[in-house]
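All chains are named by letter (A, B, ...) in the order of the sequence lines, taking the proteins before the strands, and each is independently numbered beginning at 1. Computed from heavy atoms alone, side chains included, the values below leave out hydrogens, waters and symmetry copies.
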2 protein chains.
Amino acid sequence: MTRTTNPNFMNGVPELLILRLLSEREMYGYELVQAIAEQTREMIVLGEGVVYPVLHALEQNGCLKSRRKAVAGRTRVYYAVTAAGQRRLKDLVSSWQSITNAVAELVKGVSHVPA
Amino acid sequence: MTRTTNPNFMNGVPELLILRLLSEREMYGYELVQAIAEQTREMIVLGEGVVYPVLHALEQNGCLKSRRKAVAGRTRVYYAVTAAGQRRLKDLVSSWQSITNAVAELVKGVSHVPA
DNA sequence: ATAGATTACCTTGAAGTTCTAGGTATGGCA
DNA sequence: TGCCATACCTAGAACTTCAAGGTAATCTAT
């Protein structure tokens, strides 16, 4: 039998960042795009083509709920995190931390010699 | 114009781990599969279907060189890091650290209020 | 002796995300 | 009037990674 691996262990960072920002306050897609770029000092720049599909997916599985709001004649779609979204965020954060810890350890010193 | 984003910013972790391990000593594919699982305490488990193609790609672009070695009647293909591979590893580590730092900051406190 | 597990290599096709590159429409500014 | 910024969206390509196989030799337990 070939080894069973982890289902796509490196993905879900856009999802994580978006949920995290929305857990502070409700925001709209375009705003999220800029907030992520600014707060990571352009280190991570997610285009609208990434953000919008993630928002839609998160709403469909109940992690977000949206409401339309007219601002200066323009329509914005604000998203807020649901209880399910909070749980999802918690899971994403902890698995992200596990992975980064694992990578960091291996990158630091390879001399671990178990048992 | 839509925002320019980073080309696949989350990938290349298998590549990073493999180069890192090989930078310590030459190893063969099957050995790498187990070493990664062991040293990350099963947190990251890369199957052979991931490891072998990465090894082939790294060799093709000059980051690794291989030599066949017969051990107990079996043939193993040992890989060693070249100078180009060392540079590649350095780049991967630093961009990985940039990303994890960026994510960590955003996950920790969203209150950054720039300028 | 022989069945099964382990070692050791490999590839193909599917799955899943993310990226590029568009499209639409309104409002503000020069 | 023309252009840029705001604000929404989607389709198709690109890229990794995954699952699942295939081959073959050695070792182990019966």
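Whole-Å rounding puts the A/Lys69 NZ to D/dC8 P distance at 12 Å. Look at CG on A/Leu16: it is 14 Å from P on C/dT17, rounded to the nearest Å. For the pair A/Glu59 CD and D/dC8 P, the computed distance is 13 Å after rounding to whole Å. The separation between A/Ile18 atom CD1 and C/dT17 atom C1' is 12 Å, rounded to whole Å. We find that CD of B/Glu15 is positioned 13 Å from C1' of D/dT17, with the value rounded to whole Å. Atom-to-atom, CZ of B/Arg76 to C1' of C/dC9 comes out at 12 Å; the value is rounded to the nearest Å. Spacing between atom OH of B/Tyr78 and atom P of C/dT7 amounts to 14 Å, rounded to whole angstrom units. Nucleotide D/dC8 holds its P atom 11 Å from the CE atom of A/Met27, rounded to whole Å.
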Exercise answer: donor-acceptor pairs, residues 83-91 of chain B side-chain atoms, under 3.5 Å, sequence neighbours excluded:
| unit_1 | atom_1 | unit_2 | atom_2 | d |
| --- | --- | --- | --- | --- |
| B/Arg88 | NE | B/Glu15 | OE2 | 2.7 |
| B/Arg88 | NH2 | B/Glu15 | OE1 | 3.2 |
| B/Arg88 | NH2 | B/Glu15 | OE2 | 2.9 |

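The salt bridge (Lys or Arg N to Asp or Glu O under 4.0 Å) pairs that include a residue from residues 60-80 of chain B are B/Glu26-B/Arg67, where partners are two or more places apart or lie in different chains. Listed by first then second residue, pairs satisfying ring-ring contact (aromatic ring centres under 6.0 Å, His included) with a partner in residues 40-73 of chain A number zero, not counting sequence neighbours. Applying the ring-ring contact (aromatic ring centres under 6.0 Å, His included) definition to pairs two or more places apart or across chains, those involving residues 20-40 of chain B are B/Tyr28-B/Tyr78.
For A/Tyr28, a side-chain nitrogen or oxygen approaches OP1 or OP2 of D/dA7 to under 4.0 Å.
Take A/Glu31 and apply the side-chain hydrogen bond (donor to acceptor under 3.5 Å, both in side chains) test, not counting sequence neighbours, and it matches A/Arg25.
Nearest to the side chain of B/Tyr52, among C/dC9, C/dT7, D/dA7, sits C/dC9. The side chain of A/Tyr79 approaches D/dC9 more closely than any other nucleotide in the set D/dT17, C/dC9, D/dC9. Here the nucleotide nearest the side chain of B/Gln34, chosen from C/dT7, C/dC9, D/dC18, is C/dT7. With distances taken from any side-chain atom of A/His56 to the nucleotides D/dT10, C/dT18, C/dT7, the minimum falls on D/dT10. Of the candidate nucleotides C/dA8, C/dC10, C/dC19, C/dC10 has the atom nearest to the side chain of B/Glu48. Among the nucleotides D/dA5, C/dT7, D/dC9, the one closest to the side chain of A/Tyr30 is D/dA5.
The 5' end of DNA chain C is approached more closely, in terms of each residue's nearest nucleotide, by B/Leu55 than by the other of A/Pro53 and B/Leu55. Mapped onto DNA chain D by nearest heavy atom, A/Gly29 and B/Pro14 fall at different nucleotides, with A/Gly29 at the one closer to the 5' end.
In this structure, A/Ser66 contributes its side chain and A/Val77 its backbone to no donor-acceptor pair below 3.5 Å.
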For nucleotides 25-27 of chain C, give me every protein contact, N/O to N/O, under 3.5 Å, one pair per line with atom names.
| unit_1 | atom_1 | unit_2 | atom_2 | d |
| --- | --- | --- | --- | --- |
| C/dT26 | O2 | A/Arg74 | NE | 3.2 |
| C/dT26 | O2 | A/Arg74 | NH2 | 2.4 |
| C/dG27 | O4' | A/Arg74 | NH2 | 3.1 |

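The closest side-chain heavy-atom distance from B/Gln39 to B/Leu21 is below 4.5 Å.
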